[in-house]
2 protein chains.
Amino acid sequence: MVTTPNKEKLRIKMKNKRTRLTRQRKIILETLQQTGSHPTADWIYQKVREQLPHISLGTVYRNLNILKKEGKILELKYGKDVSRFDALTKDHYHFTCEKCHRIYDLDVALNKDLEQMVAQKTGFKITSHQAEFYGICSDCQKSDSSN
Amino acid sequence: MVTTPNKEKLRIKMKNKRTRLTRQRKIILETLQQTGSHPTADWIYQKVREQLPHISLGTVYRNLNILKKEGKILELKYGKDVSRFDALTKDHYHFTCEKCHRIYDLDVALNKDLEQMVAQKTGFKITSHQAEFYGICSDCQKSDSSN
DNA sequence: TTAGTAATGGTAACTACTCCTAATAAGGAA
DNA sequence: TTCCTTATTAGGAGTAGTTACCATTACTAA
């Protein structure tokens with residue numbers, strides 16, 4: 001009898017589909033947040049299995065996609081090969097070391113001017129951009145010079 | 001009988017491994033250069049088959065990788081799904097339309113300052129960077145408003 | 001012409017990922 | 001708490017894109 005209008009709002013925000021916070025989804029997100037790195041789906045799968053030995057790989061993929069849609073994680077596709085995931089939600093650039101293949105988050109302000117410039121030049125509507133830098137990270141520079 | 005010393009030079013440039021410009025490789029590169037777009041490997045395969053009906057898909061992939069290593073083409077991986085290839089050699093940014101999924105080359109000067117800023121902030125050695133912009137292209141904006 | 005080997009076609013194998021289905025469990029209502 | 005609806009799961013089969021393998025072909029240089 002008692003209607004709950006504020007819950008209704010929430011539901012609308014989530015696009016008519018209540019998502020349930022399952023144990024699996026929770027642990028997948030936590031795992032990703034706890035590693036500061038950018039693991040592959042398979043790495044996450046292996047890691048989560050330590051807590052949920054019976055979780056299936058499909059569940060990991062499904063949840064990564066759901067979390068991505070919800071904006072809680074980021075999928076990085078540009079590297080060389082596999083998709084990697086990133087728990088940080090705020091936009092940031094990435095750096096890939098061409099030697100050790102680690103991916104670093106860059107603490108550099110997004111250059112929103114670039115978007116505007118592109119919009120002006122092309123007439124396209126720009127909603128976002130990303131950038132990746134390539135080169136040699138400090139660690140690998142060190143080990144280079146010591147050889 | 002006539003020796004051609006300039007060929008020797010070429011060989012050194014190609015890193016001790018003579019690559020042969022086969023009919024297949026030539027046509028693959030030309031096909032890619034002639035389409036101004038960013039086709040998938042499979043699209044290239046279909047197109048090249050019009051001229052070389054017996055070419056195998058493996059040959060297309062092998063040659064795309066070789067051409068990539070030689071710096072003659074670019075592989076774009078960031079989009080949603082499949083790899084796409086780009087015959088342009090000079091660096092440029094890309095725009096992906098989130099509606100029609102076309103990829104456009106942007107005629108915007110590379111922002112080399114960004115690289116320097118990142119290098120200063122991180123101590124990494126930056127050799128290159130790329131950027132992708134996302135949004136809605138002019139065509140799709142038009143068809144949007146007419147509906 | 002001949003030796004050496006890069007490249008090819010055809011196909012099998014691999015890998016990252018998605019889809020399918022019956023069973024399970026989250027979470028709202030009573 | 002108990003019930004009910006249905007989102008989500010495990011597990012496995014299936015798929016698409018790509019690479020590896022190998023016997024054969026075709027350049028290249030001597």
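Order of the sequence lines sets the chain letters (A, B, ...), proteins ahead of strands, with each chain counted from 1.
- Aromatic ring pairs are classed by plane angle as parallel below 30°, tilted from 30° to 60° and perpendicular above 60°; the pair A:His129 and B:Phe133 is parallel.
- Phosphate proximity of C:dG9 to B:Gln24: present, with a side-chain N or O under 4.0 Å from OP1 or OP2.
- In this structure, the CG atom of A:Leu52 is 14 Å from the C1' atom of C:dT24, given to the nearest Å.
- Put simply, the residue from B:Asn63, B:Ile28, B:Leu57 that forms a side chain to side chain contact (heavy atoms under 4.5 Å, CB included) with B:Ile44 is B:Ile28.
- Counting non-hydrogen atoms of neighbouring residues, nucleotides and ligands closer than 6.0 angstrom, the NZ atom of A:Lys47 reaches no more than 12 such neighbours.
- Between the P atom of D:dT18 and the CH2 atom of B:Trp43 lies a distance of 16 Å, rounded to the nearest Å.
- Two rings, from A:Phe124 and B:Tyr104, have their centers less than 6.0 Å apart.
- Here the rule is side chain to side chain contact (heavy atoms under 4.5 Å, CB included) with A:Lys26, and of A:Gln24, A:Arg23, A:Glu30 only A:Glu30 fits it.
- Within the structure, every side-chain polar atom (N or O) of A:Arg18 is placed at least 4.0 Å from both OP1 and OP2 of C:dA26.
- The side chain of A:Arg20 approaches C:dG27 more closely than any other nucleotide in the set D:dT9, C:dG27, C:dA6.
- Taking atom CD1 on A:Ile66 and atom P on C:dA26, their separation rounds to 15 Å, with Å as the unit.
- Using a 4.5 Å heavy-atom threshold, the side chains of A:Asp105 and A:Asp86 count as touching.
- The nearest whole Å value for the distance from the NZ atom in A:Lys26 to the P atom in C:dA25 is 17 Å.
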For nucleotides 10-23 of chain C, just jot down a letter per nucleotide in 5' to 3' order: B, S or -, based on protein non-hydrogen atoms under 4.0 Å.
-> B-----SBB-----
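- Proximity of B:Arg49 to B:Ile55: side-chain heavy atoms (C-beta onward) are separated by under 4.5 Å at one or more points.
- End-to-end axis angle of the helix from C:dT1-D:dA30 to C:dA30-D:dT1, from C1' rotation axes over five pairs per end: 40° (rounded to 10 degrees).
- Of the side-chain N and O atoms in A:Thr22, one or more sit less than 4.0 angstrom from OP1 or OP2 of D:dT9.
- B:Gln46 has its CD atom 11 Å from the P atom of D:dG17, to the nearest Å.
- Distance, B:Ile44 CD1 to D:dT18 P: 10 Å, rounded to whole Å.
- D:dA7 atom C1' lies 13 Å from atom CG of A:Leu21, rounded to whole Å.
- Cluster annotation: A:Ile126 and A:Leu110 are assigned to the same hydrophobic cluster (Ile/Leu/Val/Met/Phe/Trp/Tyr, side-chain heavy-atom contacts under 4.5 Å, transitive).
- A:Glu70 has its CD atom 13 Å from the C1' atom of D:dA7, to the nearest Å.
- Residues B:Thr35 and B:Trp43 are in side-chain contact: their nearest non-hydrogen atoms beyond the backbone lie under 4.5 Å apart.
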